Structures are given as C-alpha cells and as structure tokens.
Peer 1: 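The structure is given below, and queries will be raised subsequently.
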Amino acid sequence: MTIKRLLLIVMTLIAIGSSGVSLFSSWQEPQFQSRLELYQTNIGLQAQAWRAEGSNNDNLQGIQEAILGDKPLENATKQYQEARKSVQTNLDKAKNQLTKLSSQSQATPTPPKPLPEVPPATNSSRPIQQQQIKQSLQQLQKLLGELDLRLGILQAQQGQTNTALKTWTDLQQRSDINPEFRETAAVLLGLWSNSPRLLPNAQQLIQKNLEGWFRATALVQLYQLQQRQEALSAVKAAEQEAATQALFKLAIIGIIPTLAALIGMMLLIFLVGQRLVKGKAALLAQNADVAWSTPWDGETILQVFVLGFFLMGQLFVPLVLSLIPIPRPVANVRVQAVYVLVSYLLVASGALLVLYFSIKRFFPLPEFWFRFRFQGKWFLWGLGGYCAALPIVVVVSLINQQLWQGQGGSNPLLQLALESRDSVALGIFFFTAAIAAPFFEELLFRGFLLPSLTRYLPVWGAILVSSLLFAIAHLSLSEILPLTALGIVLGIVYTRSRNLFAPMLLHSLWNSGTLLSLFLLGSSSN
C-alpha cells in the first residue's frame, strides 16, 4: 500500500467521523420547518383580519376562506400549542443535559458512562458543550415566552378568557423567562381581566414584545380601554393594510407552488403511462441504461470528495476563516450574508480545484462528460423536473415530519433568509442559493459523482447512491429523506437529458422558490 493511499484512507475515516459528528449534533436540534410553520400561521392570522368592502364582498370573502380555511383562529391555536409542547420538551432535555454535564465535571475523574442525550465528553470538550447547551437553553426560553404571550391572545380572541389568563399567569410565575416577557404577560392580564388594569408602560411592552396580528390585537384592546379613538382608528387601518398584503402574499406562496405541483402530478402520470405503453421508446427510458465511460477508479472518486468536499468544507475553510481577524456581528445580517457567500465560494473553489487536478491526467474526457449545451430540450427537462419534484418531495416531507417530530436540524441559511429584512442581504442569499449552489453542487454530484458511479453500478443505482450522498452532505438528519428524493429527480433529469444545464435549472428553481417564500413570510412578521 502506497503512502498516498494510506493517507487517503486516514482522511476518509476523518471525513466520515466529522460528518457523523455533525449529523449526530443535528439530532436534537429543532427543524426549521417548525419555525416556518409558525411564520405561515402568523401571516395567516394577519390575512384573516381582512374585511372586504363594496359589491364584491361575498366573492372576496369566499376567496379569503379558500386561502385560509374556515377556522383560522382554531387552527392557529392548535399550531401554537403543538409548537409550545415541542419547545417545552426540548427545554427539559437541554436542562437535563446541562445538569448531567455539571455533575460529571464535579465528580471524580472516572470515565463517564455514555448517556442517550449527551455523547461521552472529554474534560476539554465539556465546557464547550456546556456553553452550547446554555445558548440553546436561552433561545428555547425566549421562544417559550413568545409562544405563551401569543397563545394567550389567541385564546382570548376565541372567548376562552379564563384559559388565556391562566396561560399568562403561568408565564408570570416562571423565573427562567425573560423579565420583559413576564411584564408583558402582566400587561395582557390587566387588559383582559374582568376588572381591567392599565399599566403605565403597557403600550411600550406590547410594541416591543409582540408582532403582527398579536401586536395589533393587543393594541386595539388597550386603546379601547383607554378610549383613544384616534389611535384605535390608526391601528385598525394599519391592520387592514397589513391584512391585504398578507392575503396577497399567501396567494403567491400557495397558488404558484400548488399549480406547479398539479402540473407535476399530471406530468408524472403522463410519463409513467408512456413508459408502460411505449417501453424503451418513452421519455423516461431515454438514456436510462446508458452508462458513462469512466477512465478513473474509486480512489479518484474518494480523493475528490474526501479532499475536495468534506475536508475542505468542514475543516480547512472554517479553520482559515476563523484565523482571519474580521468581526462578524450576529446582528448585522449583511455581514452574515457575505460570510456565508465567501465561505461557500471558498469551499466550491477548493473542491473544483481538487476535481480538476484529480482528473486532469485523463484529458480529453470521453463523450458526455461535464456536458453544457444550449441546444436541445434541457429547459423543458429542468422546468418539468421542478414541477414533478414538488409533489414527490412534499409527500416525502410529510412522512419525514412524522418520523422526526420537529427534530433533526436544518440548513442555518434558511433561518437567516427568513429573518432578514435587508434587500442587499437577501440579494446575496439569493446569489448563494439560486446561482452558486446549483452550479457547484450539480457539477460535483451530477456532473462527476453520478457518472463515475456508473463504472460500478447500473444507472439507477448510481442515481440512488449519488442522491443519498447529496442529502448527507447537507449535514442535517431531518433533511436526508427530502433531499434524497430531490436528488433522485435531479439524477433522472440529468441522465435523460445528458446536459448539466437541466439539473442546474431545476436546482435553481427549487432554491429560488424556497427563498421567495421565506422572503414573503419574513417580510410579514411585523
């Protein structure tokens, strides 16, 4: 065995271990989907406050009900109760983890027994784990306070005043919650009590700690008790304007993907039917069994992914960026966006350089390798693949949510994009997700990995394996099934079209649609 091969084996084991640790650490992180559902619930609450005027009142109200459903307040209450239960469970887990780590650090220096919630930690890593858990604990406590404030308002608006008062009273009595949330709970208790009490800082606390429909609802209650008609009229007018915008945004978020998914379902039925009737003459059978002529072996494949992708992305680039003395304030979303873009471009550049030098000696490459052609039907393959992927990934995601129950982590870029209200930052996020990511990931996973695997596997096997690795590379357990399903569609589109423009277009449309939804939802939170 040569030294080069030995080093490659060692680095492969390091890459597998590092990826495994990252996946394991995402196990107990909340899914982004849970947060996204709350944003959708909030914008739905804003939209349900809209009231139509004029002769088309009934028709417009019918459209509103079609978009929101017939019981928006009840549905929102159920969503918030489920979210609160999940947060409380995670909060209890984090407290138990912190207690166990603290007790281990005070015990005699004997090897700790493995625990289900906390992996065995060395003395040097235990303080880092404790700090991470404390940060997670603070975030969960903040979220729990926000949920209880809002849940009480939902209950009060449905006539469940006693339940709402109990929700806010319980929040007041929690010593682990932000004092401002407890003060805001006292304000809400005073507003909805049988004998109303008006605290002097009520308006400031409501405006600071509540958003959207919840803020407007609390302010209306306050101004009615204060008999401030001018302020009350202004709040109601602003609420109607926000409701109109929310309804329009929900229509965009819901109608466009729904239409695309319906087209995708019809397309899938057509393609499967054509495959059954025409056999190998069908579109789905086109190039289905035609493997690439691959001049390199598995060692080159490992070299590209271990050196160029995993180690570059997980070790080298993060280390280099950590050594650069540039401040990265969390509150500055533009700096965060630039940091994400620069990190991604460095990882992509490093991986593509490793790819180039690994296969350079095999130039000129056989036919169909890294093929970019503006001629042909690549646009139809990309657009059709996007429509077909929507219903497939939605079904897989619904199953996936039941399996993970809101756990398993998510891509942190999604949260940044959702909460960003800066157009420059959003533009940078869009370039990263809708242009840079499709180009790099499709070039690596579909352009290189999938064809390379056809040396050892049939085309369908290469599609499955490359899709699974594509999903694992995102390092979130909860995303493995949906991303594998998306990767399979991307692989089918590429193997049939034999043109990298097709999966790149599909990938770009997918990420663009996600970012558009996040932008619309995030811009409605206030």
Side-chain angles (χ1 to χ4, degrees), residues 7-8 10-12 14-23 25-26 300-360 370 372 409-417 420 422 424-449 452 466 469-476 479 483 487 500 503-504 507-508 510-512 514-515:
L7 287 174
L8 183 60
V10 171
M11 284 187 280
T12 300
I14 293 173
I16 293 172
S18 176
S19 302
V21 169
S22 297
L23 283 171
S25 65
S26 72
T300 301
I301 301 173
L302 267 182
Q303 180 175 302
V304 170
F305 271 83
V306 171
L307 294 180
F309 189 77
F310 286 102
L311 293 185
M312 187 68 66
Q314 294 187 54
L315 297 178
F316 181 72
V317 170
L319 178 62
V320 170
L321 290 175
S322 68
L323 295 176
I324 300 176
I326 299 177
R328 294 188 291 272
V330 176
N332 192 325
V333 70
R334 289 191 184 184
V335 174
Q336 293 295 316
V338 171
Y339 178 74
V340 169
L341 175 60
V342 170
S343 302
Y344 196 88
L345 291 178
L346 287 174
V347 172
S349 301
L352 294 179
L353 279 174
V354 172
L355 171 62
Y356 173 75
F357 286 111
S358 297
I359 65 174
K360 182 180 178 182
F370 303 107
F372 293 91
S410 296
N411 189 338
L413 175 61
L414 299 178
Q415 187 73 21
L416 287 172
S420 171
D422 186 290
V424 174
L426 285 168
I428 297 172
F429 285 137
F430 181 84
F431 179 84
T432 304
I435 297 176
F439 177 80
F440 167 59
E441 293 177 15
E442 294 312 305
L443 197 64
L444 197 64
F445 286 95
R446 255 60 64 180
F448 172 74
L449 179 61
S452 298
S466 62
L469 291 174
F470 167 72
I472 291 173
H474 288 77
L475 300 178
S476 292
E479 294 182 334
L483 287 177
L500 276 170
M504 285 180 181
H507 200 150
S508 181
W510 188 272
N511 288 357
S512 299
T514 301
L515 283 178

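The first residue in the sequence is number 1, and the count goes up from there. None of the values given here were measured: they were computed from a predicted structure.
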Peer 1: Mind checking what makes side chain to side chain contact (heavy atoms under 4.5 Å, CB included) contact with Leu353, not counting sequence neighbours?
Peer 2: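 Partners of Leu353 under the side chain to side chain contact (heavy atoms under 4.5 Å, CB included) test: Phe357.
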Peer 1: Would you check if Leu443 and Leu352 make a side-chain contact, meaning some heavy-atom pair closer than 4.5 Å?
Peer 2: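 SC-SC contact between Leu443 and Leu352 confirmed.
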Peer 1: Taking only residues two or more places apart in sequence or in another chain, which ones pass side-chain hydrogen bond (donor to acceptor under 3.5 Å, both in side chains) with Thr12?
Peer 2: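 Per chain and number, Thr12 pairs via side-chain hydrogen bond (donor to acceptor under 3.5 Å, both in side chains) with no residue.
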Peer 1: Considering only heavy atoms from C-beta outward, does the side chain of Phe439 approach that of Ile435 to under 4.5 Å?
Peer 2: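 Sidechains of Ile435 and Phe439: no contact.
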Peer 1: Check side chain to side chain contact (heavy atoms under 4.5 Å, CB included) between Met11 and all other residues, then give those that pass, not counting sequence neighbours.
Peer 2: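 With sequence neighbours excluded, Met11 shows a side chain to side chain contact (heavy atoms under 4.5 Å, CB included) to Leu7, Val306, Leu307, Leu311, given in chain and number order.
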Peer 1: Using only heavy-atom distances, determine whether the side chains of His474 and Glu479 contain a donor-acceptor pair under 3.5 Å.
Peer 2: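 Their side chains do not contain a donor-acceptor pair, so the 3.5 Å distance test is not met.
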Peer 1: Could you tell me whether the side chain of Val342 reaches within less than 4.5 Å of the side chain of Leu345, counting heavy atoms only?
Peer 2: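 They are not in side-chain contact.
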Peer 1: Output yes when a side-chain donor or acceptor of Ser508 lies under 3.5 Å from a complementary backbone atom of Ala434, and no otherwise.
Peer 2: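 A pair under 3.5 Å: yes.
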Peer 1: State, to 0.1 Å, how close Glu442 and Pro503 come at their nearest heavy-atom pair, and which atoms those are.
Peer 2: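 Shortest heavy-atom separation between Glu442 and Pro503 comes out as OE1-CB, 3.3 Å.
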Peer 1: Can you see which heavy atom on Pro318 is nearest to which on Met312, and at what distance?
Peer 2: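 Distance-wise, the nearest heavy atoms are CD-O, 3.9 Å.
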Peer 1: Looking only at heavy atoms, which two atoms of Ala433 and Asn511 are closest? And how far apart?
Peer 2: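 Ala433 and Asn511 have their closest heavy atoms at O-ND2, 2.6 Å.
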Peer 1: Taking side chain to side chain contact (heavy atoms under 4.5 Å, CB included) as the test, write out the residues that go with Ser349, two or more places apart.
Peer 2: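 Per chain and number, Ser349 pairs via side chain to side chain contact (heavy atoms under 4.5 Å, CB included) with no residue.
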Peer 1: Going by heavy atoms in the side chains, are Leu449 and Val304 under 4.5 Å from each other?
Peer 2: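 No, too far: nothing below the 4.5 Å cut-off.
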Peer 1: Which residues pass the side chain to side chain contact (heavy atoms under 4.5 Å, CB included) test with Val347, sequence neighbours left out?
Peer 2: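 Here the qualifying residues are Val317.
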Peer 1: If you define the side chain from C-beta out and look only at heavy atoms, does anything of Ser343 sit under 4.5 Å from Tyr339?
Peer 2: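 Yes. Closest side-chain heavy atoms under 4.5 Å.
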Peer 1: So which heavy atom on Ala351 is nearest to which on Gly308, and how close?
Peer 2: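 Closest heavy-atom pair between Ala351 and Gly308: CB-O, 2.9 Å.
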Peer 1: Would you please name every residue forming a ring-ring contact (aromatic ring centres under 6.0 Å, His included) with Phe372, sequence neighbours left out?
Peer 2: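 ring-ring contact (aromatic ring centres under 6.0 Å, His included) list for Phe372, sorted by chain: Phe501.
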Peer 1: Taking side chain as C-beta onward, heavy atoms only, is Phe305 less than 4.5 Å from Leu444?
Peer 2: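 Yes - at least one pair of side-chain heavy atoms lies under 4.5 Å apart.
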Peer 1: Mind checking ring-ring contact (aromatic ring centres under 6.0 Å, His included) for Phe440 and listing every partner two or more places apart, or none if nothing turns up?
Peer 2: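 Scan of Phe440 (ring-ring contact (aromatic ring centres under 6.0 Å, His included), adjacent residues dropped) gives Tyr344.
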Peer 1: At their closest point, which heavy atom of Ala337 faces which heavy atom of Ala425, and how far apart are they?
Peer 2: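 Answer, listing the atom of Ala337 first, then Ala425: CB-O, 3.9 Å.
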Peer 1: Sequence neighbours excluded, which residues qualify as ring-ring contact (aromatic ring centres under 6.0 Å, His included) partners of Phe448?
Peer 2: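 Phe448 satisfies ring-ring contact (aromatic ring centres under 6.0 Å, His included) with Trp296 only.
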Peer 1: Phe370 versus Leu355: any side-chain heavy-atom pair under 4.5 Å?
Peer 2: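 In short, these two side chains touch, coming nearer than 4.5 Å.
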Peer 1: From Phe445 CZ over to Leu469 CG, what is the distance, rounded to the nearest 0.5 angstrom?
Peer 2: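 Spacing of CZ (Phe445) from CG (Leu469) equals 7.0 Å.
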Peer 1: Could you grab the distance from atom OG of Ser452 to atom CG of Leu302, nearest 0.5 Å is fine?
Peer 2: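 The OG atom of Ser452 sits 11.0 Å away from the CG atom of Leu302.
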Peer 1: Which heavy atom of Gly487 sits nearest a heavy atom of Phe470, and at what distance?
Peer 2: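 Heavy atoms of Gly487 and Phe470 come nearest at CA-CD2, 4.1 Å.
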Peer 1: Glu441: which residues meet the salt bridge (charged side-chain N to carboxylate O under 4.0 Å, His left out) condition with it, sequence neighbours left out?
Peer 2: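 For Glu441, no residue satisfies salt bridge (charged side-chain N to carboxylate O under 4.0 Å, His left out) once neighbours in sequence are set aside.
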